[in-house]
Amino acid sequence: MVMSQLPRSIALIDCNNFYCSCERVFRPDLDGKPLVVLSNNDGCVVARSNESKALGIKMGEPWFKLRDLARRHGIVAFSSNYPFYADMSNRVMAILSRFSPVQEVYSIDECFLDLTGFGDIRERACAIRRRVIEWTGLTVCVGIGPSKTLAKLANHVAKQHPKSRGIFDYNRLTLAQQNSVLANLEAGAVWGIGRKLSGSLAGLGIHTALQLREADIPSMRARYGVVMEKIIRELRGEPCIEIEEVEPSKKQIVSSRSFGQAVTGLTDLQDAVAHFISNAAGKLRRQKSVAGLLQVFLRTDRFRPEKPQYNPCMSIPLPVPAADSLVLNHWAFQALERLYRSGYEYKKAGVILADIRPEHIVQEDLFSVAQAQPSTALMDTLDKINSRYGRGTLKLSSDGSLRRWEMRADNKSPCYTTDWEQIARCR
DNA sequence: TCTCCGATTAGAC
DNA sequence: CTAACGGTCTAATCGGAGA
């Protein structure tokens, strides 16, 4: 017997204007006002409410260029509050996970659910929306399609058309309707097609998602590689990108920051680097890995080309792979001392942990005296205390005591959901 | 000539 | 008042060094 394969129903659920909506949940007085949330250092716009989008504010725009517009329209700008958004995200993801056994948390505000085989998909999508709004105050859109790429695309359509009321199921369309949806979408709206690629595609006369779907796979693959082939196949309804239920462990961990003010002295840089190391090493230990390579880099202000520029970087292969903050910090300081030149205004610094592998298969140096990683126990204790009493309760003595490099954050909301002290402070 | 590596690029959010 | 332009991550690709 030949079974005709029903298309899979993959849903992409995405919170609308996530960071702005989080802020609004606890500030209903801001309903109807244009809101933006700024990146670290209050640098760029990374989230906009509908009112801000209507004012023509673009994603990633530098905030200082918008000061005038902001004053004229009473735009409210929040500094980003990541612990708060992360907590709200966890709540949303926990709710969504009840609607399917197969979930991939794709980003802080998005996840894929496999809804294949559930009876009334549209009813299920409605239930998802209702539940998330009721339990968190956040609004989500649900896009459904036979592949992740088409689910993303359906989600995009759901967001664009108020008529869809937040839900769009590509699988329910006739072939003619599918064609018309794709014909009305720019190729650049397809997941994986960014600025450069849409420009290049336009040169080939490919402007719409429909034209991209119809493109010749062998020649597109020859020109652009495997990724493009997968995108085209997925647009044709052939799933090529699997749902990843278990989060793969990181292959690289970066901790870096732009400074609130230019930094010139070595001690300030050491202070910042110690902070980056404890942050990165903490993440490394959380995923039970060790790093074999450490990189340290410094940056001057690239937006001021008239000032002397110096952007050095140093890689240190570690004699024994490590996750110990003290060990990593030791090597980072060695690198920093070699990189540092006085007379420059540093605007950013960071560390990168690479060559990452699981901690348990670490091969000890054959000839070293068996010294079972001296401060593993110390790091263990440090991690436990910090996770119980809050990040930054215990830290390296050289970490963050000077804080001259600290970021700008002029309008940060309280950590409403994660910090009792700050909850007490709101009315 | 082939392979491996680091650096660079492109994309996502 | 002024100056002010993010952070993390992956995969693919490229080009040079070394086998």
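Computed from heavy atoms alone, side chains included, the values below leave out hydrogens, waters and symmetry copies. Residue numbering restarts at 1 for every chain, and letters A, B, ... go by the order of the sequence lines. No experiment lies behind these values; they were computed from the predicted model shown.
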If you check the [X] side chain, which of [options] turns out closest?
| X | options | answer |
| --- | --- | --- |
| A:K152 | B:dC13, C:dC9, C:dA4 | B:dC13 |
| A:K283 | C:dT8, C:dG7, B:dC13 | C:dT8 |
| A:N279 | C:dT8, B:dC13, C:dG6 | C:dT8 |
| A:Q295 | C:dC5, B:dA7, B:dG11 | B:dA7 |
| A:S258 | C:dG7, C:dC5, B:dC13 | C:dG7 |
| A:S107 | B:dC13, B:dA10, C:dG7 | B:dC13 |
| A:E110 | B:dA10, C:dC5, B:dC13 | B:dC13 |
| A:K250 | C:dG6, C:dA4, C:dC9 | C:dC9 |

[X] side chain near [N] phosphate (N/O to OP1/OP2, under 4.0 Å):
| X | N | result |
| --- | --- | --- |
| A:R304 | C:dC5 | no |
| A:R48 | B:dC13 | no |
| A:S256 | C:dT8 | yes |

Which whole-number value in Å describes the distance from [X] [atom1] to [N] [atom2]?
| X | N | atom1 | atom2 | answer |
| --- | --- | --- | --- | --- |
| A:K307 | C:dC5 | NZ | C1' | 16 Å |
| A:M228 | B:dA12 | CE | C1' | 15 Å |
| A:Y82 | C:dG7 | OH | C1' | 7 Å |
| A:F303 | C:dA3 | CZ | P | 17 Å |
| A:Y19 | C:dG6 | OH | P | 15 Å |
| A:M59 | C:dG6 | CE | C1' | 11 Å |
| A:I241 | B:dG11 | CD1 | P | 15 Å |
| A:L66 | C:dG6 | CG | P | 13 Å |

Do NZ/NE/NH1/NH2 and the carboxylate oxygens of A:E134 and A:R130 come within less than 4.0 Å?
no
Cationic N near anionic O, under 4.0 Å, A:R8 to A:D114:
yes
What does the 5'-to-3' dot-bracket notation of DNA chain C look like when only Watson-Crick and G-U wobble pairs under 3.5 Å count, and pairs to other strands show as |?
......|||||||||||||
Is A:Q287 reaching over with its side chain to a backbone N or O of A:S249, donor-acceptor style, under 3.5 angstrom?
no
Measure up the A:Y340 and A:Y346 rings against each other and bin them: parallel (under 30°), tilted (30 to 60°), perpendicular (over 60°).
tilted
Take the angle between the ring planes of A:W191 and A:F112 and call it parallel below 30°, perpendicular above 60°, tilted in between.
tilted
Verify the distance criterion only: is there a donor paired with an acceptor across the side chains of [X] and [Y] at less than 3.5 Å?
| X | Y | value |
| --- | --- | --- |
| A:S79 | A:D42 | yes |
| A:S325 | A:R285 | yes |
| A:N16 | A:T139 | no |

What's the gap between C:dG6 and B:dG11 when it is taken at their C1' atoms, as a whole Å value?
16 Å
A:E23 and A:Y19, any side-chain heavy atoms less than 4.5 Å apart:
no
Heavy atoms under 4.0 Å, any strand shown: does [X] hit a base, just sugar-phosphate, or nothing?
| X | answer |
| --- | --- |
| A:L197 | sugar-phosphate |
| A:I108 | nothing |
| A:R67 | base |
| A:W63 | nothing |
| A:V190 | sugar-phosphate |
| A:D109 | sugar-phosphate |
| A:S80 | nothing |

Closest approach of A:S89 to A:I108 (non-hydrogen atoms, all atoms of both residues):
OG-O, 2.6 Å
If you take all heavy atoms of A:M93 and A:S107, which pair is closest and at what distance?
CE-O, 3.7 Å
Both A:N41 and A:Q252 contact DNA chain C. Which one's nearest nucleotide lies toward the 5' end?
A:N41
side-chain hydrogen bond (donor to acceptor under 3.5 Å, both in side chains) between A:T264 and A:E345, intermediate numbers included:
CA-CA 5 Å; A:T264 53; A:E345 295 187 358; over 6 Å; no
Protein N or O to nucleotides 11-19 of chain C N or O, pairs below 3.5 Å:
residue, atom, partner, partner atom, Å
C:dA11, OP2, A:K251, NZ, 3.1

